[in-house]
Amino acid sequence: MKIKIVNQSKHPLPEYKTKSSAGMDIRANLSGMVTLSPLERKLIPTGLFIELPEGYEAQIRPRSGLALNEGLGILNSPGTIDADYRGEIGVIAVNLSNRVITIEDGERICQMVINRVEQAEWIPVETLEDSERGAGGFGHTGKQ
């Protein structure tokens, strides 16, 4: 799949780190270091603008190593970039640790995954067909 991208950052284009990677690493595009206090959130610019084909979305997801080792999370995760959005990709970073986190220019702060999506058409009905699960909700199948 080919996707048009405008790179106004000082960094290389997003890339897959391995042959079978699902996500491309996205870098912060900063004029200086950004600090996040515990539970603080900030919008981190990337300098990237994309044009997705109709029927696709890009999802912004946390990087597992940063989440585990630093406590850096991504709010509204996964964040969705719609096919008709043409603005700069921004990443809403949050510090979920109990210490200050710094983000530096060029740091790989999240990953982007491209997915096919479909829009649903609602069919109003009076009842739904039964299923094995039925109305069982959160935790209905137990812990084991």
Side-chain angles (χ1 to χ4, degrees), residues 1-125 128 131-144:
M1 161 183 274
K2 295 184 185 297
I3 297 174
K4 293 178 184 177
I5 186 168
V6 173
N7 184 1
Q8 293 182 358
S9 79
K10 308 173 281 298
H11 311 293
L13 290 176
E15 63 181 352
Y16 297 101
K17 286 297 186 183
T18 68
K19 181 182 171 206
S20 296
S21 293
M24 296 174 256
D25 289 336
I26 303 293
R27 297 177 184 274
N29 187 49
L30 304 169
S31 57
M33 202 168 27
V34 169
T35 60
L36 291 170
S37 297
L39 299 180
E40 186 178 13
R41 62 189 178 271
K42 289 185 180 173
L43 182 63
I44 308 298
T46 65
L48 301 174
F49 303 75
I50 60 175
E51 184 179 327
L52 292 167
E54 187 78 23
Y56 287 85
E57 67 161 343
Q59 291 184 358
I60 302 299
R61 301 179 181 181
R63 292 188 63 229
S64 57
L66 286 177
L68 177 63
N69 299 324
E70 303 292 326
L72 184 67
I74 306 298
L75 290 181
N76 75 315
S77 181
T80 295
I81 301 169
D82 295 308
D84 57 355
Y85 178 69
R86 296 295 184 269
E88 180 179 7
I89 295 171
V91 178
I92 307 170
V94 62
N95 180 354
L96 298 175
S97 77
N98 57 7
R99 60 178 182 73
V100 172
I101 292 177
T102 59
I103 299 173
E104 297 186 24
D105 181 48
E107 184 175 342
R108 295 177 296 142
I109 57 168
C110 65
Q111 56 183 328
M112 179 192 305
V113 175
I114 308 297
N115 288 307
R116 183 184 304 268
V117 293
E118 293 191 38
Q119 289 188 336
E121 178 182 342
W122 295 111
I123 303 171
V125 297
L128 302 175
S131 71
E132 182 179 337
R133 179 176 181 170
F138 299 104
H140 83 281
T141 59
K143 203 170 181 180
Q144 298 290 336

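Applying the side chain to side chain donor-acceptor pair (under 3.5 Å) criterion to Tyr16, with sequence neighbours excluded, gives no partner residue. When the side chain to side chain donor-acceptor pair (under 3.5 Å) test is applied to Thr102, no partner is found at least two apart in sequence or on another chain. In this structure, the side-chain contact (heavy atoms from CB on, under 4.5 Å) partners of Ile123, at least two apart in sequence or on a different chain, are Val125. In terms of the side chain to side chain donor-acceptor pair (under 3.5 Å) criterion, Ser64 has no residue partners (sequence neighbours excluded).
In terms of heavy-atom proximity, Ile114 sits nearest to Tyr56 at CG2-CD2, 4.1 Å. The two residues Leu30 and Asp105 make their nearest non-hydrogen contact at N-OD1, 2.8 Å. Counting all heavy atoms, side chain and backbone alike, Ile103 lies closest to Ala93 at CD1-CB, 4.2 Å. Scanning both residues, Tyr85 and Gly87, for their nearest heavy atoms gives CE2-O, 3.1 Å. Across all their heavy atoms, Leu52 and Ala58 have their closest contact at CD1-N, 3.5 Å. The minimum heavy-atom distance between Phe49 and Arg86, with the atom names listed, is CD2-O, 3.4 Å.
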What pairs of donor and acceptor atoms, side-chain ones from residues 65-84 against any protein atom, are under 3.5 angstrom apart with sequence neighbours left out?
residue : atom : partner : partner atom : Å
Asn69   : ND2  : Gly65   : O            : 3.2
Glu70   : OE1  : Arg99   : NH2          : 2.8
Thr80   : OG1  : Glu57   : OE1          : 3.2

Under 3.5 Å, which donor-acceptor pairs do the side chains of residues 37-47 form with other protein atoms, sequence neighbours left out?
residue : atom : partner : partner atom : Å
Glu40   : OE1  : Ser37   : N            : 2.8
Lys42   : NZ   : Thr35   : O            : 2.9
Thr46   : OG1  : Leu48   : N            : 3.2
Thr46   : OG1  : Ile89   : O            : 2.6

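Atom CD in Gln8 sits 9.0 Å away from atom CG in Asn29 (nearest 0.5 Å). Distance CD/Glu51 to CD1/Ile5: 11.5 Å, rounded to 0.5 Å. To the nearest 0.5 angstrom, Glu54 atom CD is 7.0 Å from Gln119 atom CD. Atom CD in Gln59 sits 12.0 Å away from atom SG in Cys110 (nearest 0.5 Å). For the atom pair CD1 of Ile26 and CG of Leu13, the computed distance is 9.5 Å after rounding to the nearest 0.5 Å.
Between Pro53 and Met1 the shortest side-chain heavy-atom distance falls below 4.5 Å.
Pairs passing the salt bridge (Lys or Arg N to Asp or Glu O under 4.0 Å) check and including a residue from residues 13-38, sequence neighbours excluded, read Glu15-Lys17, Asp25-Arg63, Asp25-Arg108.
At distances below 3.5 Å, not a single donor-acceptor pair connects side-chain atoms of Gln111 with backbone N or O atoms of Ile60.
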